[in-house]
Amino acid sequence: MIAGNRTINYLRISVTDRCNFRCKYCIPASPFTVIEHKKIARYEEILKITKLACELGITKVRITGGEPFVRKNIFSFLEKLCAIECLNDVSITTNGSLLTRGKIEKLSYLGIKRLNFSLDTLDPEKFARITGRDRFQRVWESIITSHELGISPVKINAVVLKGINDDEIVDLAALTLDFPFHIRFIEYMPMGDSAVEKGQQMLTQEIKEKIESRFGKLTSVKQTDNDGPAKKFKIAKAQGIIGFITPISSHFCDDCNRLRLTSRGTLRPCLLNNYEKDILNPLRNSASDDELKRIILSALTKKPSFHGLNDLSSKTIPISHMTSIGG
Ligand code: SAM
Ligand code: SF4
């Protein structure tokens with residue numbers, strides 16, 4: 001599938017808007033309601049839409065949420081998803097808190113070899129303050145177990161916030177000395193109405209300077225197909241990689257190969273633009289495969305050439321929060 005001069009081969013599927021964590025930067029500060037069950041796309045509906053998207057050129061899928069592992073029967077869904085022939089890459093983004101050794105073994109058996117974990121701090125108390133849950137140990141165990149079981153790469157996403165975890169940038173980066181992890185520092189995106197203030201946002205240049213002042217100049221690492229938007233670097237003699245995800249300081253819209261399917265069954269061509277196209281209701285109203293494919297293609301015609309997050313006067317500033325879209 002083509003959008004402008006970009007080839008779209010990556011579908012990011014949010015299977016739920018629910019989460020067992022309450023991360024400050026993600027969950028809205030004001031009261032919110034979760035989506036009614038009947039309005040959430042059923043697994044068979046997600047599979048149908050994915051198959052049609054594959055026929056149009058999607059080859060890679062990432063499962064996200066909310067927290068994917070809070071949804072019931074996720075493993076039987078993942079089994080069917082991994083069996084879709086034209087998909088050559090299925091990966092998951094998770095907070096890791098609900099994974100066990102047995103579940104990670106199952107993921108590996110299904111062919112899911114790449115996991116992204118969210119971990120913003122190595123301090124259990126701070127972890128509880130950021131996520132609202134006392135689950136550091138559980139998450140850390142999932143990360144280490146995934147590494148032991150051959151999940152590769154294990155990627156760790158850390159949203160850096162001033163006055164919250166900026167004092168741990170060096171410690172997080174140092175994990176790459178001992179483990180072949182990809183530690184990815186993400187710039188906070190002001191979505192919805194999270195409890196984070198814009199002044200707490202920390203941009204990549206400053207994060208990189210902190211790492212270089214401790215470990216010396218980082219060397220740049222060649223991009224591969226599975227890197228997504230992360231710009232990769234290495235500390236000398238490190239096993240792992242340091243990645244920077246820079247939606248604010250340097251948007252990567254020109255290279256964006258993604259389409260999103262929200263848990264409400266809408267297609268969203270850009271995380272940072274509120275345009276969405278409903279595909280679930282046409283599917284429920286017996287639209288033909290050709291009609292559904294036309295809906296997918298027409299959503300892509302609305303993929304913006306760049307996002308308006310830096311422009312405070314822009315009408316495209318997202319009002320949706322991350323869990324309702326899928327991060
Ligand atoms: N629950 C899973 C998790 O935490 O990995 C998957 C969903 S979460 C929304 C996906 C990613 O979005 C996480 O790595 C999280 O750190 C990131 N994220 C959430 N809110 C963000 C924000 N406002 N700015 C930047 N990244 C954010
Ligand atoms: Fe949940 Fe992930 Fe959002 Fe944290 S970042 S609240 S774990 S969806």
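Every number for a ligand or one of its atoms is a count from 1 in the order of the listing.
The shortest heavy-atom distance from Gly65 to ligand 2 is not under 4.0 Å. Heavy-atom separations between Pro247 and ligand 1 are all 4.0 Å or longer.
Residue Glu187 has at least one heavy-atom neighbour below 4.0 Å for each of these atoms of ligand 1: 25 (C). Heavy-atom proximity to Ile27, at under 4.0 Å, picks out these atoms of ligand 2: 6 (S). Contact atoms of ligand 1 toward Asn95: 2 (C), 3 (C), 5 (O) (distance under 4.0 Å to a heavy atom of the residue). Atoms of ligand 1 lying under 4.0 Å from at least one heavy atom of Glu67, given by number and element, are 1 (N), 2 (C). Shown in contact with Gly65 at under 4.0 Å from a heavy atom are these atoms of ligand 1, numbered in order with element: 7 (C), 9 (C). Taking every non-hydrogen atom of Thr64 and a distance limit under 4.0 Å, the qualifying atoms of ligand 1 come out as 6 (C), 7 (C). The distance from ligand 1 to the heavy atoms of Gly66 drops below 4.0 Å at these ligand atoms: 1 (N), 2 (C), 6 (C), 7 (C). Counting atoms of ligand 2 from 1 in the listed order, those under 4.0 Å from a heavy atom of Gly66 are 8 (S).
Atom 26 (N) of ligand 1 has its closest protein heavy atom at Val159 CG2, 3.6 Å. Closest to atom 18 (N) of ligand 1, if we only count protein heavy atoms, is Met322 CE, 3.6 Å. Given atom 24 (N) of ligand 1, the protein heavy atom at minimum distance is Met189 N, 2.9 Å. Ranking protein heavy atoms by distance to atom 1 (Fe) of ligand 2, first place goes to Cys19 SG, 2.3 Å. For atom 3 (Fe) of ligand 2, the closest non-hydrogen atom on the protein side is Cys26 SG, 2.4 Å.
The shortest N/O to N/O separation between Tyr25 and ligand 1 falls below 3.5 Å.
Side-chain N or O atoms of Lys103 include one that pairs as donor or acceptor with a backbone N or O of Leu98 at under 3.5 Å. For Arg184 (side chain) and Ile241 (main-chain N/O), no donor-acceptor pair under 3.5 Å exists by modelled atom type. Without hydrogens or angle criteria, Asn165 side chain to Val159 main chain gives a donor-acceptor distance under 3.5 Å. Judged by distance alone, the side chain of Lys162 and the main-chain N or O of Asp166 form no donor-acceptor pair under 3.5 Å.
Residue-level proximity to ligand 1 for Asn157 is carried by the side chain, the only part with a heavy atom below 4.0 angstrom. When heavy-atom distances to ligand 2 are checked against a 4.0 Å cut-off, Thr131 has no atom that comes that close, whether in backbone or side chain. Under 4.0 Å from ligand 1, the heavy atoms of Thr94 that appear belong solely to its backbone.
A salt bridge does not link Lys48 with Glu45: none of the charged nitrogens is closer than 4.0 Å to a carboxylate oxygen. Ion pairing between Lys24 and Asp120 fails under the 4.0 Å rule for side-chain N and carboxylate O. Between Asp17 and Arg264 there is no salt bridge, since no side-chain N of the basic residue sits under 4.0 Å from a carboxylate O of the acidic one. Ionic pairing of Glu44 and Lys80 is not present here: no N-O contact between side-chain nitrogen and carboxylate oxygen is shorter than 4.0 angstrom.
With 3.5 Å as the limit, one finds a donor-acceptor pair spanning the side chains of Glu67 and Thr94. Under the 3.5 Å distance criterion, with hydrogens and angles disregarded, a donor-acceptor pair is assigned to the side chains of Glu187 and Ser249.
Ring planes of Phe77 and Tyr43: parallel class, angle under 30° (limits at 30 and 60°).
In this structure, Glu79 places its CD atom where only 12 or fewer heavy-atom neighbours from other residues, nucleotides or ligands lie under 6.0 Å away.
Within the set Cys23, Gly132, Ser14, the minimum heavy-atom distance to atom 6 (S) of ligand 2 is found for Cys23. Residue Ser118 holds the heavy atom nearest to atom 5 (O) of ligand 1 of all those in Ser194, Cys26, Pro190, Ser118.
Geometric assessment of Arg258 against the ring of Tyr10 yields a positive cation-pi assignment under the 6.0 Å and 45° thresholds.
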